[in-house]
Amino acid sequence: MAKVRDMTKGNETSLLLNFMLPMLLGNVFQQFYNIVDSAIVGRFEGATSLGAIGCTGSLNFLFFSTCNGLSVGAGILVAQSFGAKNKELVKKTIANSLYIVGAVGFLISILGVLLARPVLTFMETPATQLEDAIDYMRIISSGTIAVAVYNFAAQAMRALGDSKTPLIFLIVSSFINVGLDILFVCVFKWSVVGAGLATIISQAVSAILCLAYGFMKNPYFRLSREHLVFNKNIAQKCFMVGMPIASQGMLIALSCVILQRVTNSFNDLAVSAYTVTIRIEQLVQQPFASLGSALSSFTGQNMGAGKPERIRKAMKKSTLMVLGFSAFMLGVCHVFGENIVSFFVNEIDVIKLGANGLKITSMMYFFLGMIYVTRGILNGTGDVFYAMLNGFMEITGRVGFSLILVGLVDIGVYAVWLTSGLTWVITGFTGIIRYNQGKWHNYKMVDKKE
């Protein structure tokens with residue numbers, strides 16, 4: 001039987017660590033998709049092909065964010081229902097959320113394929129990378145439905161305290177991804193098309209396996225006919241919680257699209273170096289992201305159980321974790337930056353530029369970590385206003401700082417990395433201020449009598 005963990009009692013630090021470590025490993029494997037794509041394409045096809053993949057990253061994140069936001073919203077409702085000890089409501093929430101997430105994922109898959117060329121052209125993607133970028137984006141977008149289904153199943157299981165089951169299927173799919181990358185890119189010479197196909201096939205495998213296992217093994221996924229009936233109230237709550245979180249992700253992604261357009265305005269060298277640093281920072285962010293997801297489930301369950309004091313303790317302990325890890329990564333990036341970047345590309349100019357970019361952003365990793373901590377807690381309470389505020393600060397920072405540093409001050413290509421870092425600073429401060437206001441006490445979505 002799949003594990004279900006009650007996080008409304010016990011030591012907060014132990015619970016968070018035990019819950020986040022499998023999720024951290026899972027998130028690392030999820031990023032492994034992009035890292036393997038980038039490393040194989042960059043070393044076997046060159047920096048230009050790697051840049052083509054990088055040009056699509058923010059756009060694909062934009063499309064994925066909607067599905068992921070709805071999945072997170074569903075997970076919050078599941079966690080609060082579980083904390084309130086309402087098993088029937090948990091099952092109805094799982095069924096109704098799957099309808100919504102699946103439908104939206106299918107719609108976004110279609111939009112991504114249709115909008116690839118006009119959007120990438122608008123972003124001023126370099127002519128040498130445009131066609132490869134379009135091909136890669138169309139392939140990756142077609143697999144959005146698989147990402148949506150996997151994220152839904154994983155979020156629901158994590159909301160119930162099971163962070164290990166999604167990990168198992170991510171590991172399996174990651175090995176499939178590596179094998180297919182080698183076959184399609186190195187053997188068949190399909191370049192970025194092969195990398196894209198390897199990714200969506202492996203994502204589909206993880207989605208199918210995770211959802212099937214949940215329905216077969218997890219008692220809360222064993223749904224009867226009455227659970228499958230469409231419930232308007234649950235669907236509305238799913239949208240009410242999920243759409244602001246989805247909008248948060250979409251605004252963040254849109255800000256990344258804008259910054260990518262700024263990067264594209266420099267040259268191929270800048271695009272390739274920025275692509276490499278994005279891949280590295282996506283990996284660096286995984287401990288923060290895992291802690292944030294653990295806090296979201298922890299907070300959801302304790303809000304449902306009416307135990308806000310446990311949430312306050314978790315906030316203090318999580319801040320110390322972020323401080324320690326960010327200080328460690330600051331040293332790593334400053335000492336080994338060139339070695340890390342050289343894993344992805346061979347070109348000396350790209351390596352030096354990327355390493356200097358890492359030195360800039362690593363100085364602001366603490367604030368990046370606090371974004372995830374406060375976002376996990378406040379999203380877990382159902383504070384939908386903060387979700388929108390968080391997205392607004394991200395887009396304001398990336399647009400505002402890029403305009404100042406490129407348009408007014410004109411400090412050159414390093415403005416791209418400095419813009420990212422300063423955006424983390426103001427967004428992190430915003431989350432801390434919102435948490436300290438204490439309004440999150442009032443956002444409980446589920447009670448025991450429902």
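Note: hydrogens, waters and symmetry copies are ignored here, and every other heavy atom, side chains too, is used.
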Decide, yes or no, whether a salt bridge links [X] with [Y] under the criterion of side-chain N to carboxylate O below 4.0 Å.
X: E131; Y: R117; result: yes
X: R398; Y: E394; result: yes
X: R310; Y: E12; result: yes
X: D383; Y: K439; result: no

Item to check | Cation-aromatic face contact R5/F82, 6.0 Å, 45 degrees | outcome: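 No - R5 does not lie over the ring of F82 by the 6.0 Å and 45° rule.
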Nearest 0.5 angstrom please: [X] [atom1] to [Y] [atom2], how far?
X: F122; Y: E124; atom1: CZ; atom2: CD; answer: 8.0 Å
X: F343; Y: R279; atom1: CZ; atom2: CZ; answer: 13.0 Å
X: N68; Y: N151; atom1: CG; atom2: CG; answer: 4.5 Å
X: I176; Y: S202; atom1: CD1; atom2: OG; answer: 7.0 Å
X: F336; Y: L358; atom1: CZ; atom2: CG; answer: 13.5 Å
X: M303; Y: I76; atom1: CE; atom2: CD1; answer: 10.5 Å

Between [X] and [Y], is any pair of side-chain heavy atoms under 4.5 Å apart?
X: Y365; Y: L330; result: no
X: W424; Y: F366; result: no
X: I371; Y: F367; result: no

Is it the case that over 12 heavy atoms from other parts of the model lie below 6.0 angstrom from the [atom1] atom of [X]?
X: F429; atom1: CZ; answer: no
X: F44; atom1: CZ; answer: no
X: K317; atom1: NZ; answer: yes
X: F266; atom1: CZ; answer: yes

Any side-chain donor-acceptor pair under 3.5 Å between [X] and [Y]?
X: N18; Y: S14; result: yes
X: Y372; Y: Q285; result: yes
X: T361; Y: E281; result: yes
X: S174; Y: N177; result: no

Next on the checklist: Parallel, tilted or perpendicular, judged at 30° and 60°: which one describes the rings of W417 and Y274?
Outcome noted: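 Ring orientation of W417 relative to Y274: perpendicular.
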Next on the checklist: Does the plane of the ring in W440 sit parallel, tilted or perpendicular to the ring in Y435? Use 30° and 60° as the thresholds.
Outcome noted: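 Judged by the thresholds at 30° and 60°, the geometry between W440 and Y435 is parallel.
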Item to check | Full working for side-chain hydrogen bond (donor to acceptor under 3.5 Å, both in side chains) between D162 and T165 | outcome: CA-CA 7 Å; D162 178 13; T165 299; 2.6 Å; yes
Checklist entry - Of V149, L170, T144, V147, which meets side-chain contact (heavy atoms from CB on, under 4.5 Å) against Q203? => result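 That would be V147.
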